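Just so you know, ligand 1 is whichever comes first in the structure, and atom 1 is the first atom listed for that ligand. As the structure is a computational prediction, the values presented were derived from the model and not from experiment. Just so it is clear, the values below take in all heavy atoms, side chains as well, and ignore hydrogens, waters and symmetry mates.
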Amino acid sequence: MRNSRRAFLRSVLAGFAAIQALNASAGLAYAGGKDGLATRYIDDFMIGSMIDVKFLLDPEPDLQALVAKEFNALTTDNIFKWDNIHPAQNIWNWAHADVFVDYAAKHNMYAVGHPLVWHSQVPEGLFSKRRLNQKSSAQYMDVLLDHISQIVGRYAGSINAWDVVNEAFDDDGNWVRNNWYQIIGETYIEESFKAARPADPTAVLIYNDYNLWKPVKRRRVIDLIKDFKRRGVPIDAVGMQGHIGLGYPDLALFEESIAAFGEQGVKVHITELDVDVLPGLPEHEFPQYKESLDPYRVSLPEAVSIQLAERYRQVFEILVRQKTIVERVTLWGVSDRHSWRNDFPIPGRTNHPLLFDRALQRKSAYDYLYQLK
Ligand code: XIL
């Protein structure tokens, strides 16, 4: 797959035509543009969406039709997280992942597995006091590598790319002192990549993180890539999450990071793009809910909707400019209705960060991106 992206895109395009014909004959209600967004950008990069597994288990026909038409890559936010897929020792919950993989295959979409190793959303038992006392760091390493091999091996050939490790560094470029780091040490990250490669030699292996536009964090990841390359540790791409806002970051820094990763000989996947439109909060502060922090409960004012569209256009102008490095751009959700940004960092607000509104209608942001090509 790594060497045949064009071929993959061509086959996706052919699949699209077939799916669109099917949708038309089934008379599905969604009425988008003549062809979808992914088709518009077919010569640049894949355009993906995150989909919550509940829409695959209990299908909403309009949403599914929209996803199949507009996107050619698919990620799901929670089903591969340790607490869902591997809730206890020797207990595997493959059901959701199987549904996801089948859906992606049926719709000829590039399937992304997110994430194999992360410190969040792990089952309580994994790092319980009892288990920590029982197991040596070498045994924990075995648990980690077995987890990776089993999952990647099961979906070999079906999942095209893996976020192998998620968020290992903080905003200052220091190691996040998570359980893996404290128990195993720095090597947990390289061993994870080394375990993923043989389990599916064709899968694209990604290091995924947020705020990679920050120069200090960018430099840390560049050092990681250089070290990996020097010692033959496999890594194919950096995943820049892309949880941005109307006013941050400075997009010049975002572009510099893409170019800098490209110079190291890895690709960039924008893995979780969304644009927060709500009032800015001081970094790393999580204030209580207040109505003044939630100004667009009824609707997004036209002026802000245009601001959002322009922001998306600026981002995509950069991505198109960097298309030899950027392989995929994935939106973190389909409709504003389901965005995690409604609840993060303050629960219960009404955010509008995506390309489709709460009624699944295209927003100006969508139209701007559609017209850019
Ligand atoms: C989010 C999911 O979208 C939510 O449903 C979940 O409650 C929390 O996690 N960075 C990541 C993603 O790598 O896994 C996170 O997804 C968003 C931030």
Side-chain angles (χ1 to χ4, degrees), residues 48-58 63 67 71 73-87 93 96-97 99-100 111-124 126 147-148 151 159 161-171 176 178-180 189 192 196 204-214 217 221 237-245 248-249 254 257 268-276 278 281 283-284 286 328-356:
S49 178
M50 180 272 275
I51 190 164
D52 186 320
V53 72
K54 70 179 174 224
F55 301 118
L56 302 179
L57 296 171
D58 183 12
L63 188 110
V67 168
F71 302 105
L74 202 64
T75 311
T76 172
D77 52 352
N78 294 314
I79 65 181
F80 289 102
K81 288 176 183 168
W82 201 306
D83 59 356
N84 184 65
I85 201 160
H86 193 181
N93 169 25
H96 292 172
V99 168
F100 170 77
V112 181
H114 164 84
L116 290 167
V117 185
W118 194 27
H119 48 264
S120 247
Q121 293 176 260
V122 294
E124 267 179 34
L126 184 58
H147 177 85
I148 294 169
I151 300 176
I159 292 275
W162 285 103
D163 289 342
V164 179
V165 176
N166 198 31
E167 302 182 353
F169 302 110
D170 68 16
D171 273 338
V176 172
N178 61 31
N179 280 301
W180 297 117
I189 184 165
S192 297
V204 171
L205 305 183
I206 299 172
Y207 173 71
N208 195 50
D209 212 332
Y210 62 92
N211 285 351
L212 284 175
W213 53 269
K214 290 198 173 184
K217 196 160 178 177
V221 172
V238 172
M240 296 176 66
Q241 290 185 359
H243 296 297
I244 64 173
Y248 68 91
F254 193 81
S257 287
V268 167
H269 289 215
I270 307 299
T271 51
E272 307 181 15
L273 182 61
D274 53 21
V275 181
D276 190 346
L278 293 177
L281 305 171
E283 245 189 331
H284 307 301
F286 302 90
R328 167 175 62 97
V329 179
T330 288
L331 279 297
W332 204 240
V334 182
S335 135
D336 290 339
R337 186 155 43 114
H338 310 297
S339 167
W340 78 303
R341 290 293 203 144
N342 293 311
D343 293 303
F344 184 89
I346 302 175
R349 296 194 297 173
T350 302
N351 215 329
H352 304 262
L354 296 165
L355 302 181
F356 296 90

Residue pair Asn208, His114: steps toward the side chain to side chain contact (heavy atoms under 4.5 Å, CB included) verdict: CA-CA 9 Å; Asn208 195 50; His114 164 84; 3.9 Å; yes
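- Looking at Asp77, Thr75, Thr271 and measuring to atom 4 (C) of ligand 1, the nearest heavy atom belongs to Asp77.
- The two atoms that bring Gly239 and Thr271 nearest to each other are CA-CG2, 3.7 Å, heavy atoms only.
- Between Asn166 and ligand 1, an N or O atom pair is found at a separation short of 3.5 Å.
- The nearest heavy-atom contact from the protein to atom 11 (C) of ligand 1 is Glu272 OE1, 3.1 Å.
- Under the 6.0 Å cut-off for aromatic ring centres, Trp162 and Phe80 qualify, their centroids lying closer than that.
- Contact annotation for Asp163 and ligand 1: no heavy atom of the residue comes within less than 4.0 Å of the ligand.
- Note: Phe55 and His338 meet the aromatic proximity criterion, with ring centroids under 6.0 Å apart.
- Set against the non-hydrogen atoms of Lys81, the atoms of ligand 1 under 4.0 Å away are 1 (C), 9 (O), 12 (C), 14 (O), 15 (C), 16 (O).
- Atom 8 (C) of ligand 1 has its closest protein heavy atom at Gln121 OE1, 3.5 Å.
- With ligand atoms numbered from 1 in the order given, ligand 1 contributes 10 (N), 13 (O) to contacts under 4.0 Å with heavy atoms of Glu167.
- Using modelled atom types and a 3.5 Å distance limit, the side chains of Asp336 and Asn351 yield no donor-acceptor pair.
- Heavy-atom distances between Trp332 and ligand 1 reach below 4.0 Å in at least one pair.
- Residue contacts with ligand 1 for Asn78 involve side-chain atoms from C-beta outward but no N, CA, C or O (heavy atoms, distance under 4.0 Å).
- Judged by the 6.0 Å and 45° rule, Lys217 forms a cation-pi pair with Tyr210.
- The pair Arg349-Asp343 does not meet the salt-bridge criterion, since no charged nitrogen lies less than 4.0 angstrom from a carboxylate oxygen.
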